[in-house]
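In what follows, a single structure is set out as structure tokens and then discussed.
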Amino acid sequence: MAVLLNRRQMIGGLALGCSAAASPLVTPIAFARAPWEERLVVLILRGAMDGLDAVRPVGDPAFRALRPTLSEGGLPLDGWWELHPALGPLLPLWQAGEFGAAHAVATPYRDRRSHFDGQDILEAGTGGPDLMRLRDGWLNRALALLPGVEAETAFAIGREHLLILSGQVPVSQWSPEARLRLSPQARRLIESVQHDDPLFRDASLMAMEIVDELAAEAEEGGQAMMAGPAAGGGPHGQLADFAASRLRGETRIASFSLGGWDTHVQQAQNLTRALGRLAETILALKDGLGPLWDRTAVLCLTEFGRTARENGSGGTDHGTGGAMLFAGGALRGGRVLGDWPGLDEADLYQGRDLMPTRDVRAHAAWVLRAFAGLSRPDLEGTVFPALDMGSDPGLVL
Amino acid sequence: MTFDPHLAAIRFGTGLSPYLPPPSSIEAMLERLAGPDVAARAIPAMSYTEALAIERAFAQANRQARNGETAAIRAAARAERDRLRRLVEPTRLAQFRTVLARQVASEDALRERLLLFWANHFTARPKTTVAGILIAPYVEEAIRPHVAGRFADMLTAVALHPVMVAYLDQARSIGPGSIQGRQSGRGLNENYARELLELHTVGVGGGYTQEDVRQLALLLTGVTVAEGQTVYRPRWAEPGAETVLGRTYPAEADLATVQAVLADLAVRPETARHLARKLAVHFVSDAPEERLVEALAGEWLASGGDLLAVTGALLRHPAAWSPRKDKVKPPVDFIASALRALGLGADFLLPLGFRETRRLLANPLAVMGQPWQDPPGPDGWPEAPEAWITPQFMAARIDWAMNRPEEMQPDLPDPRDFVRIALGPAAREEVIFAAHAAERPSEAIGVILASSDFQRR
């Protein structure tokens, strides 16, 4: 019993641990490499990003009438589409084919338009009769189907609970907000009191290791900052920098969220700020990943779109169809994917929202298929229940 | 493997205190639990009615802000809406302080532990940010009165509480063959029926089928929410009799049928077994001894789901007193027991401001992995020690233990005394040594609180 318990605790400590391969506690035996090299970052945009404002269908004759004050200053892409000016910093990526969008997409969630339910369903990846079965996240179910997965293969970043990565497969989590200020003596004492309890000992040591590593990286980064462009200060910059630091190592999947998208009022200002942070986040990932950027996909998912018409407060309300932004050298960007449903009154969903023409989960599924080799039945049954992936949108290069 | 007062306070209470003596016996613990709810009287909580008034006022202002007839009405409504929105987080954290103060100050700490256990069992989350202020009143009014009462009463109070009815979408479920269903074309939502079986009563291995779920969902139609109150609408109720787990319920569309199925589910052997195991896992070990689970399930059935009797069976069982501490305090319990050991009580917590509460308590809780009343899903917080003691969460515990106590209690106790207060006579030599060897008192306190000795129970 005692042996079993220790073994279980030891496994738990390892499984939930970080930098396990580098830990002095563990001999580097069973550390199979992750079965693929591509990096996947899933950004959850909490609050419902207005896809029609981020990537504007100015070629649609109905667009400007629906958005009398929310269509100024766009950056022309191809005559039909314009990019929101706050995404200007990503224009070079667009031109290089490393940034793009899939439009008129949605999860299977309809009609209630609640952020909480919408985000849960987005992260759970559910569909069909089990839409509300919110037990685990689709990234975790995908990990469960893959060989050679270690705790460090996937990283949930930030202090929030990320449903998208939670489930049976142990993943790692760290928040750049986590602090651990210890004097050398306090550190020694912590080590000594935890010594006989493997669960606490391993977690404490690994925490100290990560903090040391981050401190060392911050020092290097501080010097690099002098030379190069700033990678975006603020919490989103920290999240992106930390994600990049993990993805440079054994991590293959990272996820975190960005807020500030619920633009019911003064969308012109509020969305500019949120998109500006998103652009900084993507650029920080690109900077941090260096040559690995060529093997990276960043998917920006949001719970639903917003109303086609702007409201009386210079904003938009909860809608249905929206856009998925994507970036990364592993993807074929520089274009807008999707079947455009049109914006005429009769084309709108319930006369108010952009009509979804594709399940947003299909795009994520095609990326997982290309990156990790998951089979279509697994993707359409287990990872994304009741999904029809449809034809390959050619998202991955 | 027998009663030990210090172990009793740590494993079945909210920890040791320099002022509050540990329980003197199992009988004394049960007597308190059977008696009046002293802590709730001493530290009153906000009522559902009071919280609902804020939530309703917000909803109304929100509607007016959009649809008000004139610009002036809309502007005034916007201002009112924003004022009410700013009340939400301070209100939620005031509710948090109330719950924490009872944990920290009560001599009847077993009641507070049972409250958290059952509140977690019947997890409900808000559908909107503003509705977050309704969760604590839901726990206070549907769960707290029944922690030493009958499970059937708790189950019924929960099932008919507007917060639960809304959370698991019962509020939107309409019998497809009902008057409303035929007129509107809207239909059944099985979410609550499924969780009622899988999570709340018989459990995932409870031998029910998809058809049982559907039949139960049909039986529950009619129960919905209007203006934040539970109502029964016969026009929404599916006509005809329903059969759930082999028992057929009358065709009458009324609340009595709903109450009957809940009363039956509460005392089924599968429910007894599911909850006996869950209690043993929560209080004793993730792999509890079979005889302990059997004893609790047996008492459940013998007493008809009397939670005082079942709790008594738990405390009286030798397996409950194993000196090995297999469980880890979740963050809320960790913080509560640390405050209690530091001698901080209700007089410290209740007057604490919003910002201090956030900085000293609520934010650290979130970084430790347990944001206040925001569990990941309807199955509540995890039980496994491995889920709580991860590098990030451990770092947050250590950092809090090292830095916050001194801010909250400038007159820190002498660490050499504190190690005995916090850990009792069972304190290990390594921890006693560390208490003496630290460079500063705050570091010594930090090491003691961060030690697995203090964090386990």
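Chain identifiers are assigned alphabetically (A, B, ...) following the order of the sequence lines, protein sequences preceding nucleic acid strands; residue numbering begins at 1 within each chain.
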Aromatic ring pairing B:W381/B:W388, orientation class (parallel under 30°, perpendicular over 60°, tilted between): tilted
Heavy-atom cut-off 4.5 Å, strictly under: side chain, backbone, both or neither for B:D453 against chain A? side chain
Under a 3.5 Å cutoff, is there a donor and acceptor pairing between the side chains of A:R159 and A:S175? no
Can the ring centroids of A:F256 and A:F242 be said to lie less than 6.0 angstrom from one another? no
Portion of B:P375 that has a non-hydrogen atom of chain A nearer than 4.5 angstrom: neither
Look at the aromatic rings of A:F304 and A:H318 and report parallel, tilted or perpendicular, splitting at 30° and 60°. tilted
What part of B:R440 gets closer than 4.5 Å to chain A, counting heavy atoms only: side chain, backbone, both or neither? neither
At a heavy-atom separation under 4.5 Å, does B:T129 approach chain A through its side chain, its backbone, both, or neither? both
All heavy atoms of B:A61 vs all of B:A77, minimum pair found to be O-CB, 3.6 Å
Just jot down the side chain to side chain donor-acceptor pair (under 3.5 Å) partners of A:N140, sequence neighbours excluded, or say none. none
Can you say whether B:L449 sits under 4.5 Å from chain A via the side chain, the backbone, both, or neither, judging by heavy atoms? neither
Please rank B:I448, B:N363, B:V328 by heavy-atom pairs under 4.5 Å with chain A and give me the top one. B:N363
Heavy-atom pair count under 4.5 Å with chain A, highest-scoring of B:P376, B:A396, B:G377: B:P376
Where on B:R397 is there a heavy atom nearer than 4.5 Å to chain A: the side chain, the backbone, both, or neither? neither
Need one label for B:N189: side chain, backbone, both or neither, based on atoms under 4.5 Å from any heavy atom in chain A. neither
So for B:E439, is it side chain, backbone, both, or neither that comes closer than 4.5 Å to the heavy atoms of chain A? both
Top contributor to chain A contacts, counting heavy-atom pairs under 4.5 Å, from B:R78, B:E190, B:R172: B:R172
Name the option with the most non-hydrogen atom pairs under 4.5 Å to chain A; the candidates are B:M394, B:E430, B:M402, B:Q455. B:M394
I'd like to check B:R359 versus B:R404 (side-chain heavy atoms, cut-off strictly below 4.5 Å). Are they in contact? yes
Would you verify whether the NZ or CZ of B:R85 falls within 45 degrees of the ring axis of B:F58 while also being under 6.0 Å from that six-membered ring's centre? no
